[in-house]
Amino acid sequence: MSIKQFNATYLAPDDRLLFRFNTLEDAEFRFWLTRRVTLFILAATSHLIVKNLEQTHSPEAAKAIADFEKEAVQVSKGGTAGESQNTPNDQYQPGGKYPLGADPLLVMDVKCTLEKQGLEDLLSMDLVLPGGANINLKMAGPTLQAMCVLLNQLREHASWGEVPQVLDVAISGSNTETDTPESNKPLMH
């Protein structure tokens, strides 16, 4: 599924984010992200981006590159919390079809892995839904960075505290990290 645009809004009465995205096929998907899920997405993506860069750079250089890329996306977006588009002049356009229904679904858990598709590194993110079903999103480069910038802005706006380090995430519940030597793909759950 190819993401065309995404948008997220903090709803204070629910203390949740409404995360929605549309696709090139004119479909829109809507999800509720809790504080725990949002913080995990931010921690896992940051960790996986740095770990991927460490394959070709020193750990210090990898962290600096990841920070620079994140800052570059923040500057280029120039948007406000709650609004993000693939290009600064585009307003989010809802899709015409709702394959999972028009009501947002609560994301129960998230699993993140890095995958190689051709020459491009992608973050594969499984959103675990009620009943155990999941939906998989694959994002690379600017789309992934823009989503992280938006979620981070909303985290700050909601006063949800700092993004935990991966070790803290792994210890705080069902989230664990595995690195299998066969696939050499870090898995975050």
Test log, rule side-chain contact (heavy atoms from CB on, under 4.5 Å), inputs Leu127 and Val107: CA-CA 6 Å; Leu127 304 178; Val107 175; 4.2 Å; yes
Is there a path from Ile41 to Met108 through hydrophobic residues (I, L, V, M, F, W, Y) whose side chains come within less than 4.5 Å of each other? no
What do the steps show when you test Leu144 against Thr45 for side-chain contact (heavy atoms from CB on, under 4.5 Å), and what is the final call? CA-CA 9 Å; Leu144 174 61; Thr45 55; 4.1 Å; yes
Counting distance only, does the side-chain N/O of Arg155 pair as donor-acceptor with the main-chain N or O of Gly161 below 3.5 Å? yes
Given the rule that I, L, V, M, F, W and Y join up when any side-chain heavy atoms are under 4.5 Å apart, are Leu151 and Trp32 in one cluster? no
Can you get from Leu39 to Leu18 by hopping between Ile, Leu, Val, Met, Phe, Trp and Tyr side chains that sit under 4.5 Å apart? no
With hydrophobic residues grouped by side-chain heavy-atom distances under 4.5 Å, do Val37 and Leu100 end up in a single group? yes
So, the side chain of Ser46 versus the backbone of Leu42: is there a donor-acceptor pair under 3.5 Å, distance only? no
Where does the angle between the aromatic ring planes of Phe21 and Phe19 fall among parallel (under 30°), tilted (30 to 60°) and perpendicular (over 60°)? tilted
Please determine whether the number of non-hydrogen atoms from other residues, nucleotides or ligands lying under 6.0 Å from atom CD of Glu156 exceeds 12. yes
Run the numbers on Leu48 and Leu123 for side-chain contact (heavy atoms from CB on, under 4.5 Å), then give the verdict. CA-CA 8 Å; Leu48 290 171; Leu123 176 81; 3.7 Å; yes
If two hydrophobic side chains count as joined below 4.5 Å and joins carry through other members, does Leu105 share a cluster with Tyr10? yes
Verify, without hydrogens or angle tests, whether Lys97 (side chain) and Glu25 (backbone) share a donor-acceptor contact under 3.5 angstrom. yes
Minimum heavy-atom separation for Ala140 to Asp121, with atom names? CB-O, 3.5 Å
Output, in order, the C-alpha distance, side-chain angles, deciding distance and verdict of side-chain contact (heavy atoms from CB on, under 4.5 Å) for Ile3 and Met139. CA-CA 8 Å; Ile3 295 176; Met139 291 178 274; 4.0 Å; yes
Gln5 side chain to Gln91 main-chain N or O, any donor-acceptor pair under 3.5 Å? yes
Is the side chain of Asn22 donor-acceptor paired with the backbone N or O of Pro94 at a distance under 3.5 Å, no angle test? no
Using side-chain hydrogen bond (donor to acceptor under 3.5 Å, both in side chains) as the criterion, list what pairs up with Arg30, not counting sequence neighbours. Glu28, Tyr98
